[in-house]
Amino acid sequence: MSPERQDTIFALSSGSPPAAIGVVRISGPQAGPALAALAGELPGARRASYRTLRNREGAVLDQALILWFPGPRTATGEDLAELHLHGGRAVVAAVEAALLNETGLRRAAPGEFTRRAFAQGRIDLAEAEGLADLLSAETELQRQAALAMAGGAFSRQVESWRDRVLTASAAVEAVLDFGDEDDVADLPPDFLKRLSEIRAELEDWLGRPRAEALREGYRVVLAGPPNAGKSTLFNALVEDEAAITSPLAGTTRDVLTRAVSLGGVPFLFGDTAGLRDETGDEIEAIGISRARAELDRADLVLWLGPEGEGPADGWEISPQADLFHVEQKKAPRHRVSALSGEGLDGLRDDLIATARSMMPRPGDAALNRRQHSLVAEAEQAIEVAGAESDPLLVAEGLRLARSAFDALVGRATTEDMLDALFGRFCIGK
């Protein structure tokens, strides 16, 4: 551990004041002496104690509950102390000022408590990524998936794969040491079957919905010609007057997006400029170009234009079902009126059901882009190993698979990657 990591750090780990309680966390080799300096003595381990806190001059700072957790069986793997203060700004500021006066203490950087937990082996990299997602979760599906990852569900699976590949590697090494190096015939009869089973499990994980779908939301874009009712329906779906509506054609000039949760599922709705072949307005033309690009990025397009002219896999929507003078589509997926509310509940229910089918199942861990890439590397390496006849090449394939598994849980990683990950955390976590 670097000298910087040996500093004792502190931070407010609860919500910003004012609040009923303000929890200040201290972690590092000076956590015990700092706690004793404020409270007069070190309390019993892992028991809440009521104490009057004082600064070096003896002035009373607060009357608080304090807890002392000697390492290494703590959240960070280091000596850890918590001060449960009254949550006023002045109280928290006074206690933080007193801590700054203690030798060897400094304020924590964002994510530094969790980074220390990783460095001390209290959590692995996949669990840390899950915790980062849990802190940013805004929907029930996001919470459940992040909780599964943070709770170690995926990490345990990775360890199982690694152990089985390690067993296979040992069998290959035995052939290299004692057998004919030009032949794999001396390998156990079920060797290839075992590799095939691991590959099948890896392929199953690779086929699962990705974490990005949860984080970014199911992307639904409303499209059609000018004055088709896109912005009015957009406002109804996001339940906000986010888009300007007007009977004038070309009112929407750019892509407007809004993230919302429907039925616990994250969505990203997009309202686009009206599509038409020609326009004399340069700004509108840019908006139309961006609208077409947005259609390519969409998970689903709600087509409000002439029937049959939208994307092949888009949903045909009749958006003005309450207007008798408007020509209605013959076979739309939904007839709705954003003004009267007709058909909106059915459209929302359909959207929720469709998005759920594209999202990880509740409670399943979901792979992010980094994890998906490493699982794919492991799967490919095992495939190569299973197809080789030279034991040296088989051993190399299995080694590459183990390296990918090590990178998944953080046994092999880079400081830049760690900086990017833990920079996602708030101060105090």
Side-chain angles (χ1 to χ4, degrees), residues 1 77 115 117-131 148-208 210-211 364-422:
M1 184 176 290
R115 186 163 185 165
F118 168 73
Q120 295 289 345
R122 299 298 294 173
I123 60 173
D124 64 35
L125 192 60
E127 290 169 328
E129 289 174 305
L131 182 56
M149 188 67 75
F154 179 61
S155 299
R156 290 188 291 273
Q157 179 64 75
V158 171
E159 290 300 331
S160 172
W161 290 330
R162 188 181 187 279
D163 288 346
R164 290 152 65 189
V165 169
L166 194 59
T167 299
S169 297
V172 177
E173 292 298 328
V175 169
L176 291 173
D177 289 342
F178 305 110
D180 182 353
E181 294 189 5
D182 296 324
D183 191 6
V184 295
D186 292 333
L187 287 171
D190 63 346
F191 180 81
L192 293 180
K193 178 175 180 291
R194 292 180 183 179
L195 293 189
S196 179
E197 289 172 349
I198 298 172
R199 274 195 63 208
E201 292 175 18
L202 293 171
E203 288 173 347
D204 176 69
W205 276 83
L206 290 172
R208 294 185 180 191
R210 297 273 294 278
D364 278 359
L367 301 183
N368 61 29
R369 188 172 289 107
R370 183 192 76 88
Q371 294 160 348
H372 190 275
S373 175
L374 288 169
V375 171
E377 286 181 21
E379 188 275 334
Q380 185 176 13
I382 292 174
E383 180 184 14
V384 171
E388 292 291 345
S389 58
D390 186 338
L392 284 172
L393 297 178
V394 175
E396 176 61 11
L398 297 180
R399 185 193 67 80
L400 292 174
R402 294 200 312 274
S403 295
F405 294 145
D406 286 344
L408 278 167
V409 295
R411 287 193 181 96
T413 188
T414 66
E415 285 297 310
D416 288 345
M417 193 274 286
L418 293 178
D419 289 343
L421 168 62
F422 292 110

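Residues take their numbers from the sequence shown, with the count starting at 1.
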(request) Indicate the atoms forming the closest heavy-atom contact of Ala171 with Pro188, along with that distance. (result) CB-CD, 3.9 Å
(request) Any chance you could measure Gln157, atom CD, to Glu201, atom CD, to the nearest 0.5 Å? (result) 5.5 Å
(message) Could you measure the distance from the CG atom of Leu374 to the CG atom of Leu367? Nearest 0.5 Å is fine.
(response) 10.0 Å
(request) Mind checking salt bridge (charged side-chain N to carboxylate O under 4.0 Å, His left out) for Arg194 and listing every partner two or more places apart, or none if nothing turns up? (result) Asp190
(request) Supply the atom-to-atom distance Ser403 OG to Arg399 CZ, rounded to the nearest 0.5 angstrom. (result) 4.5 Å
(request) Would you mind reporting whether Glu396 and Glu388 have side-chain heavy atoms less than 4.5 Å apart? (result) no
(request) Of all the heavy-atom pairs spanning Val394 and Ala385, show the shortest one and how long it is. (result) CG2-O, 3.5 Å
(request) Work out which heavy atom in Gly151 is nearest to a heavy atom in Arg156; give both atom names and the distance. (result) O-NH1, 3.1 Å
(message) Could you report the tightest heavy-atom contact between Ala381 and Ala401, atom names first, then the distance?
(response) CB-N, 3.8 Å
(request) Would you name the heavy atoms of Phe118 and Gly410 that are closest together and state the gap between them? (result) CZ-O, 3.6 Å
(message) Are the side chains of Ser373 and Arg369 in contact, using a 4.5 Å heavy-atom criterion?
(response) no
(message) So, using side-chain contact (heavy atoms from CB on, under 4.5 Å) as the criterion, who are the partners of Ile198 when residues are at least two apart?
(response) Trp161, Arg164, Val165, Leu202, Ile382
(request) Please say which of Asp406, Val409, Val375 ends up in a side chain to side chain contact (heavy atoms under 4.5 Å, CB included) with Val158. (result) Val409
(request) Apply salt bridge (charged side-chain N to carboxylate O under 4.0 Å, His left out) to Glu127 and list each qualifying residue two or more places apart in sequence or on a separate chain. (result) none
(message) Asp364: which residues meet the salt bridge (charged side-chain N to carboxylate O under 4.0 Å, His left out) condition with it, sequence neighbours left out?
(response) Arg361
(message) I'd like to check the side chain to side chain donor-acceptor pair (under 3.5 Å) partners of Gln380; sequence neighbours left out, ordered by chain and number.
(response) none
(message) So which atom in Leu125 and which in Ala407 form the shortest heavy-atom distance, rounded to 0.1 Å?
(response) CD2-O, 3.9 Å
(message) Restricting to side-chain contact (heavy atoms from CB on, under 4.5 Å), what partner residues turn up for Leu166, sequence neighbours left out?
(response) Arg162, Arg402
(request) Calculate, to the nearest 0.5 Å, the distance between atoms CG and OG1 belonging to Leu398 and Thr167 respectively. (result) 10.5 Å
(message) Within the 4.5 Å heavy-atom criterion, are Phe191 and Val175 side-chain neighbours or not?
(response) no
(request) Give, for atom CD of Gln371 and atom CH2 of Trp205, the distance between the pair rounded to the nearest 0.5 Å. (result) 9.0 Å
(request) Could you tell me the separation between the CZ atom of Arg199 and the CG atom of Leu192, rounded to the nearest 0.5 Å? (result) 11.5 Å
